[in-house]
Amino acid sequence: MPKILVTGANGQLASEIKILSPAYPQYHFLFTTKEELPVENSEALKSFFRENKIDYCINCAAYTAVDKAESEKEKAFLINAVAVGELAKICFAHEAKFIHISTDYVYNGSIHQPLKEENPVGPINVYGESKLNGEELALQNNPSTLIIRTSWVYSSFGNNFVKTMLRLFREKNEINVINDQFGSPTYAADLAEVIMKFIDKGSNFSGIVNYSNSGVTTWYEFAEEIKLLVNSNCKINPIPTSAYPTPAKRPLYSVLDASKVTELLHLQIPSWKESLKKCVDILKA
Ligand SMILES: NC(=O)c1ccc[n+]([C@@H]2O[C@H](COP(=O)([O-])OP(=O)(O)OC[C@H]3O[C@@H](n4cnc5c(N)ncnc54)[C@H](OP(=O)(O)O)[C@@H]3O)[C@@H](O)[C@H]2O)c1
């Protein structure tokens, strides 16, 4: 039975892969947390691969604290770049397919059209730089790596925008949300399905693909949609980015063009509103 290693097991995406895994009984899944398998520990990775014959490695481990990364550059690069390069190398040596997740923050936000894989990159924050370096090292060390860039990820697990909004709606009568950053939310459960389809269809595709749910929104409109789904009375004020300074800059436009995924996997991508409803229904229950 082919073995799939999923790192960063307590994160949003890995948790969704775990929920989905019973639908794929033909694979044996091994989920490892940060404590069980810290990806920056090269010796631990090597011995794990020696002891377990891994056929696929889905790297869900990442340093995802975008603002904190500005003051923890070394740590962000260690986990998002150096460790990724090492993991890619180990997968290559063990003939395991390496599937790695990257981000819309590799783009600088100046192109206001859905972003294709070949559009120029140019991160404007440390997190984006570290993730871009991770992409580069992975492809250098293992040319058959599949990299999936995704954006604005949320799920019923972990910390994310949807859960923050639901908490704020309970705690506050009025909140301010940015209305001039454009992107596409991604339900981690949908991304988990895409990853499993890449594996299950025996797709040997390597290189970079972009994936998010379909449609475009701003954080403000995203918040309004969440509010609608839970009938909240909280007032949401749209504000510009300039009114909410953060340590890390964010691209003003990072909508991903996912047409390559649609073509490769012959699937229809759910709209962000459709998927958001599914997630909020789970959170309400
Ligand atoms: N979240 C987003 O909006 C977003 C957007 C674009 C791309 N992405 C990318 O999508 C992927 C999945 O993101 P996610 O939202 O599922 O992230 P997440 O919820 O933050 O999960 C990442 C997991 O990695 C773990 N981790 C951190 N350092 C590690 C280490 N040294 N060794 C092993 N595990 C470690 C974390 O553990 P701790 O929590 O205990 O540190 C956490 O469980 C990441 O590559 C991320 O960069 C995310």
Side-chain angles (χ1 to χ4, degrees), residues 5-20 30-45 48 57-69 72 74-88 98-107 115 121 123 125-135 137-138 145-165 181 183-192 194-195 208-213 219 222 248 250-251 254-256 258 272 276 279:
L5 165 64
V6 183
T7 61
N10 286 337
Q12 301 191 76
L13 179 58
S15 300
E16 292 292 357
I17 297 174
K18 200 179 266 179
I19 295 283
L20 185 62
L30 295 167
F31 291 91
T32 57
T33 62
K34 178 165 80 177
E35 290 69 32
E36 290 159 349
L37 189 61
V39 289
E40 72 280 18
N41 185 337
S42 172
E43 286 314 310
L45 290 177
F48 190 92
C57 170
I58 310 172
N59 185 29
C60 297
Y63 179 103
T64 55
V66 176
D67 286 314
K68 217 169 160 196
E72 288 192 340
E74 212 174 305
K75 190 173 175 193
F77 269 79
L78 180 65
I79 298 165
N80 291 344
V82 180
V84 174
E86 191 60 18
L87 199 44
F98 185 47
I99 300 170
H100 176 63
I101 316 303
S102 190
T103 172
D104 56 327
Y105 285 5
V106 297
Y107 297 106
L115 294 150
V121 287
N125 58 42
V126 169
Y127 166 77
E129 284 171 13
S130 69
K131 294 293 289 183
L132 179 61
N133 194 212
E135 291 186 1
L137 293 174
T145 298
L146 169 64
I147 293 170
I148 306 176
R149 287 182 186 147
T150 188
S151 58
W152 297 23
V153 178
Y154 66 90
S155 85
S156 51
F157 301 98
N159 297 317
N160 55 63
F161 183 79
V162 177
K163 289 174 79 175
T164 301
M165 287 303 116
Q181 289 174 23
S184 303
T186 303
Y187 184 23
D190 294 337
L191 177 56
V194 161
I195 294 170
I208 300 172
V209 293
N210 288 349
Y211 179 81
S212 66
N213 283 120
W219 293 111
F222 192 10
R250 266 86 172 159
S254 64
V255 176
L256 299 175
W272 69 267
L276 175 63
C279 180

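For ligands, and for the atoms within them, numbers begin at 1 and follow the listed sequence. Just so it is clear, the structure is predicted and the values come from calculations on it, not from any experiment. Just the heavy atoms: all of them, side chains too, but no hydrogens, waters or symmetry mates, feed the values below.
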Under 4.0 Å from a heavy atom of [X]: give me the atoms of ligand 1 that qualify, with their elements.
{"X": "C60", "value": "22 (C), 23 (C), 24 (O)"}
{"X": "P38", "value": "32 (N)"}
{"X": "K131", "value": "44 (C), 45 (O), 46 (C), 47 (O)"}
{"X": "A61", "value": "24 (O), 33 (C), 34 (N), 35 (C)"}
{"X": "E40", "value": "30 (C), 31 (N), 32 (N)"}
{"X": "I101", "value": "9 (C), 10 (O), 11 (C), 45 (O)"}
{"X": "L37", "value": "32 (N), 33 (C)"}

Taking all non-hydrogen atoms of both residues into account, name the closest pair between [X] and [Y] and its distance.
{"X": "P123", "Y": "E129", "answer": "CB-N, 3.4 Å"}
{"X": "K131", "Y": "S102", "answer": "CE-CA, 3.8 Å"}
{"X": "N59", "Y": "V84", "answer": "ND2-CG2, 3.8 Å"}
{"X": "S15", "Y": "A9", "answer": "OG-O, 3.8 Å"}
{"X": "A76", "Y": "A69", "answer": "CB-CB, 4.1 Å"}
{"X": "V153", "Y": "Q12", "answer": "O-NE2, 3.5 Å"}

Taking [atom] as the reference point, the nearest protein heavy atom with its distance:
{"atom": "atom 4 (C) of ligand 1", "value": "V153 CG2, 3.4 Å"}
{"atom": "atom 32 (N) of ligand 1", "value": "V39 N, 3.0 Å"}
{"atom": "atom 16 (O) of ligand 1", "value": "L13 N, 2.9 Å"}
{"atom": "atom 6 (C) of ligand 1", "value": "T150 O, 3.1 Å"}
{"atom": "atom 19 (O) of ligand 1", "value": "Q12 N, 2.9 Å"}
{"atom": "atom 36 (C) of ligand 1", "value": "A62 O, 4.3 Å"}
{"atom": "atom 43 (O) of ligand 1", "value": "G11 N, 3.1 Å"}

Is it the side chain, the backbone, both or neither of [X] that has a heavy atom closer than 4.0 Å to ligand 1?
{"X": "T64", "result": "side chain"}
{"X": "Y211", "result": "neither"}
{"X": "S102", "result": "backbone"}
{"X": "T33", "result": "neither"}
{"X": "H100", "result": "neither"}

For [X], does the [atom1] atom have more than 12 heavy-atom neighbours from other residues, nucleotides or ligands under 6.0 Å away?
{"X": "K68", "atom1": "NZ", "answer": "no"}
{"X": "N159", "atom1": "CG", "answer": "no"}
{"X": "E74", "atom1": "CD", "answer": "no"}

* **Close aromatic pair by centroid cut-off 6.0 Å: F161 and W219** =>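 Between F161 and W219, the centre distance is under 6.0 Å.
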* Are the side chain of N125 and the backbone N or O of Y105 linked by a donor-acceptor pair below 3.5 Å? ->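 No; judged by distance alone, with no hydrogens or angles, the pair does not exist.
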* Asked: K163 side chain to G158 main-chain N or O, any donor-acceptor pair under 3.5 Å?
  ->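 Yes, K163 side chain to G158 backbone: donor-acceptor pair under 3.5 Å.
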* With atom 47 (O) of ligand 1 as the reference point, say which of Y127, Y154, Y63 has the nearest heavy atom. =>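 Closest candidate by heavy-atom distance is Y127.
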* Of E35, R149, K75, K34, which has the heavy atom at the shortest distance from atom 35 (C) of ligand 1? ->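 The option holding the nearest heavy atom is K34.
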* In sequence, state the C-alpha distance, the side-chain angles, and the governing distance for S151 and S254, and then conclude on side-chain hydrogen bond (donor to acceptor under 3.5 Å, both in side chains). => CA-CA 8 Å; S151 58; S254 64; 5.8 Å; no
* Give yes or no for whether the N/O distance cutoff of 3.5 Å, strictly under, is met between A14 and ligand 1. =>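 A14 vs ligand 1: no N/O contact under 3.5 Å.
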* Could you tell me whether I79 and ligand 1 have an N or O pair separated by under 3.5 Å? =>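 No.
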* Asked: Among T150, D190, T186, which residue meets the side-chain hydrogen bond (donor to acceptor under 3.5 Å, both in side chains) test with N213?
  ->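 Answer to the side-chain hydrogen bond (donor to acceptor under 3.5 Å, both in side chains) test with N213 among T150, D190, T186: D190.
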